[in-house]
Amino acid sequence: MDGSDLSEIRVRRDSPAVGTRDAFLELKNRLCAQILAMTDPALDLRDRSRIRPFVHERLDALLEERGIVLNRSEKRQLLEAIVAELSGG
C-alpha cells in the first residue's frame with residue numbers, strides 16, 4: 001500500500017458516486033490477508049477473545065508501517081471487521 005491509497009481510505013462506504021470503490025473493504029481485505037499470513041497455525045481463529053489481541057497488535061504495526069492514520073472509531077471498526085473475518089463470523 002502506498003501513499004496514494006491514503007486518500008482513498010477516507011472514501012465513505014455509502015458514497016453516492018457510482019463506481020467508487022469501497023476503500024474500507026479493500027483496506028480490510030489487504031490487512032486481513034497480511035495478518036492471517038502472520039498467524040500461528042496453533043491459534044484457534046474461532047476464539048475471538050484470543051485472536052482480538054493478536055489482531056490488534058498486528059493491525060497497529062501494519063498501519064504504522066504504511067503511514068495510515070485512522071481515528072479511534074475507524075480503527076475500532078477496522079479491528080472488529082478483521083476479527084469477524086478471521087473468526088468466520
Side-chain angles (χ1 to χ4, degrees):
M1 186 170 290
D2 59 28
S4 65
D5 292 329
L6 294 177
S7 61
E8 295 181 34
I9 291 169
R10 300 258 182 216
V11 173
R12 295 189 56 101
R13 290 170 54 154
D14 58 352
S15 175
V18 176
T20 300
R21 52 185 220 192
D22 188 343
F24 177 86
L25 184 58
E26 185 174 323
L27 177 63
K28 179 201 63 122
N29 289 340
R30 284 183 185 182
L31 294 173
C32 192
Q34 291 174 315
I35 291 170
L36 184 59
M38 297 177 203
T39 305
D40 181 347
L43 182 63
D44 182 2
L45 293 177
R46 295 168 298 186
D47 185 353
R48 285 186 180 209
S49 66
R50 293 195 64 217
I51 65 169
R52 185 179 311 282
F54 175 84
V55 171
H56 188 272
E57 184 179 303
R58 268 83 185 161
L59 180 60
D60 282 346
L62 288 170
L63 291 173
E64 186 175 327
E65 218 173 81
R66 287 157 183 71
I68 299 171
V69 178
L70 301 176
N71 67 37
R72 185 178 292 164
S73 176
E74 291 167 330
K75 191 171 167 185
R76 185 176 60 241
Q77 183 181 7
L78 186 57
L79 172 68
E80 294 304 325
I82 293 172
V83 169
E85 178 87 15
L86 291 177
S87 66

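What you are looking at is a predicted structure, and each value in this text was computed from that prediction instead of being measured.
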**Asked** What are the two closest non-hydrogen atoms of Asn71 and Glu74, and how far apart are they?
**Response** OD1-N, 2.7 Å
**Fill in**
Separation between CD1 (Ile51) and OG1 (Thr39), nearest 0.5 Å, reads 8.0 Å
**Item:** Atom pair SG/CG of Cys32 and Leu27 - distance to nearest 0.5 Å
**Value:** 11.0 Å
**Asked** What is the minimum heavy-atom distance between Ser87 and Arg48, and which atoms define it?
**Response** OG-NE, 3.0 Å
**Prompt:** Can you check side chain to side chain contact (heavy atoms under 4.5 Å, CB included) on His56 and Val83, steps first, answer last?
**Reply:** CA-CA 9 Å; His56 188 272; Val83 169; over 6 Å; no
**Message:** So, taking the atom named CD1 in Ile35 and the one named CZ in Arg30, what distance separates them when rounded to the nearest 0.5 Å?
**Reply:** 14.0 Å
**Asked** At what distance, to the nearest 0.5 angstrom, does CG of Leu78 lie from CD1 of Ile68?
**Response** 8.5 Å
**Prompt:** Which heavy atom of Phe54 sits nearest a heavy atom of Met38, and at what distance?
**Reply:** CZ-O, 3.6 Å
**Message:** Quick check: do Leu31 and Arg58 have side-chain heavy atoms less than 4.5 Å from each other?
**Reply:** no
**Asked** How long is the gap from CG on Asn29 to CD on Glu85, to the nearest 0.5 Å?
**Response** 6.0 Å
**Message:** Let me confirm one number: the CG-NZ distance from Leu79 to Lys28, rounded to the nearest 0.5 Å.
**Reply:** 12.5 Å
**Item:** Check ion pair Arg76-Glu80 (N to O, under 4.0 angstrom)
**Value:** no
